[in-house]
Amino acid sequence: MGRHGWSAETRRWRLTALIGVGLTALALVVTVLTLPGKDGGSTAGTTPDGDKVHGTPARPPGAPDPRVGWGFTHTQYSADAGEPAAVERAESLLRDQPRPLPQIQHIMGWGAGNPEPVKGRYDFGAMDGRMDLIRATKGTPVVTLCCAPDWMKGGKSGSDNTNWSQASLETAPRPEHFDDYAALAATVAKRYPDVRHFIVWNEFKGFWNTTERRWDYEGYTRLYNLVYKALKKVDEKIQVGGPYLVMDSLDPRQTENASKTLSGPWGRLDQRPLDAFDYWNKNKDGADFVVVDGASYTEDDELLPDEFRATDKFTAVGRWLRERTGGLPLWWAEYYVEPGDSQDNRDDWSEAHRVAVHASGLMAMARGGATSGFYWNPQKRGAKGEKCAGCLWSPTQTAGGGRERPMLRLLARFADAFPPGTRYEKVSVADDDVPNVRVLADDKAVLVVNTLDRQISAQVDGKRFDMAGYEVKWLTR
């Protein structure tokens, strides 16, 4: 499928992102005496007081808003490591944005180590570093509660036994350890009291019912409800959301597993995630916001009818979800508009093309009622000759890194212009320009995207102007 997740029954995993600092985490604090846990696993580098508050968290006054706005997700590499000057440059870049960006960090993988290698023994070293980065850049911290320590899913206990393979990481906790996972979630909430938003699990990973060829939505919902209750017990004001399903779509001609009601020129929704969503929505103990992810292209990597109009899928899915949840705030935890290769790399488009289609995707999510969306930051290590297509900043592992890239300019401007609570307005577009531009506006700003790879002269909101191929243009009103 070429995106973060599985394909069909065994979606392909974004392995390099999952590895995160896993290998590094195994080597942390090697000077600590290695002691056996109750089950014989090593406790090297761990501590029993995982719920001890880390650092100096600053909690905003008042009740948290379940609508956090538009931001990004930290992956394997981020601005918390690298050349000192580049790290400082990237931190300043994020800190100085006109509106602080919400930032997601997972508790295991994607830059974080194994949080509980042995039951009751914790290692939040890497996670602490990511939280320090989010705090330093004034971001709104969001935690995704994924993945699970090995001992919760049938693996070995011990800080030297973490299995960072694809097969292990895509395994959900076993039902007999759901309570343990909920307890871990509560520990995370106590350690980082400034985190007011938690997402439960990621893309139903490990929750596939092979026998019935459908999602194990009963199992996920049971885990979700236990985590929800555990977090609310820590602080009733904590905001919790799920189910983080992948809203896959199929070729319009396909009938097997295809929805009969949710379709468009972009394809037909796979009915199985819709069934899973309906079950969770009916049987959840509560939710403060709804989370999904998905790509504008089909499971066969087709962009229908083209890469820009394919993003209309986000609008259709968003409206479907909002209707069924009574208007709960809607988040897209991930969204993809450019198919990846076998290694999940997306570097075939020019940066201008990429930014233009992503702008169209953001517009489509907003039209569908989303108030929050997170860009999956494909940050690279920064090795010589290594591409960093779509990165928000140049890699901090190089001395000249940490500099703004086009995708960050788009994301930051969109987040500032269209925050939660925005009331969107219609604007006039000349008839002959309608097929060539995409537009989103409120009472102060108009975002215009040229969907063609050539220069055009467009008339929008009563103004005539030229646009370069794939140009993204902002107008003031």
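Just so it is clear, the values below take in all heavy atoms, side chains as well, and ignore hydrogens, waters and symmetry mates.
Here the closest non-hydrogen pair linking Thr325 and Val290 is CG2-CG2, 3.6 Å. Smallest separation of non-hydrogen atoms from Thr75 and Gln379: OG1-N, 3.9 Å. Closest non-hydrogen pair, Leu392 versus Leu408, comes out as O-CB, 3.2 Å.
Listed by chain and residue number, Trp70, Leu101 satisfy the side chain to side chain contact (heavy atoms under 4.5 Å, CB included) test with Ala415 (two or more places apart in sequence, or in another chain). In this view, Asp194 and Arg135 satisfy the salt bridge (charged side-chain N to carboxylate O under 4.0 Å, His left out) rule, not counting sequence neighbours. Partners of Arg324 according to the side chain to side chain contact (heavy atoms under 4.5 Å, CB included) rule, which considers only residues two or more places apart in sequence or in another chain, are Phe277, Asp278, Asn281, Trp320. For the side chain to side chain contact (heavy atoms under 4.5 Å, CB included) test, residues two or more places apart in sequence or in another chain that qualify with Ala230 are Ala182, Ala186.
For Trp280 and Tyr224, the gap between ring centers is short of 6.0 Å. A centroid separation of less than 6.0 Å is found between the aromatic rings of Trp332 and Phe314.
Using a cutoff of 4.0 Å between basic side-chain nitrogens and carboxylate oxygens, Asp180 and Lys119 are scored as salt-bridged. For Asp251 and Arg253, the salt-bridge test passes: some basic side-chain N is under 4.0 Å from an acidic carboxylate O. A salt bridge links Arg438 and Asp312; the closest N-O separation between the charged side-chain nitrogens and carboxylate oxygens is under 4.0 Å. Salt-bridge annotation for Arg67 and Asp65: present, with a side-chain N of the basic residue lying under 4.0 Å from a carboxylate O of the acidic one. A salt bridge links Lys232 with Asp288: the closest approach of a Lys/Arg side-chain nitrogen to an acidic carboxylate oxygen falls below 4.0 angstrom.
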Pair up each side-chain donor or acceptor in residues 136-144 with any protein partner under 3.5 Å, not counting sequence neighbours, and list the distances.
residue: Thr137; atom: OG1; partner: Gln103; partner atom: NE2; Å: 3.1
residue: Thr137; atom: OG1; partner: Leu133; partner atom: O; Å: 2.9
residue: Thr137; atom: OG1; partner: Ile134; partner atom: O; Å: 3.2

Could you pull out all donor-acceptor pairs under 3.5 Å where a side-chain atom in residues 421-432 meets a protein atom, sequence neighbours excluded?
residue: Thr422; atom: OG1; partner: Pro419; partner atom: O; Å: 2.6
residue: Glu425; atom: OE1; partner: Arg477; partner atom: NH1; Å: 3.0

Is there a side-chain hydrogen bond (donor to acceptor under 3.5 Å, both in side chains) between Tyr77 and Asn377 once you walk through the steps? CA-CA 9 Å; Tyr77 300 102; Asn377 187 18; over 6 Å; no
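Evaluated for a ring pair (Phe, Tyr, Trp, His ring centres under 6.0 Å) with Trp201, the options Tyr181, Tyr220, Phe178 yield exactly one hit, Tyr181.
Proximity of a side-chain donor or acceptor of Glu203 to a complementary backbone N or O of Lys205 within less than 3.5 Å is not detected.
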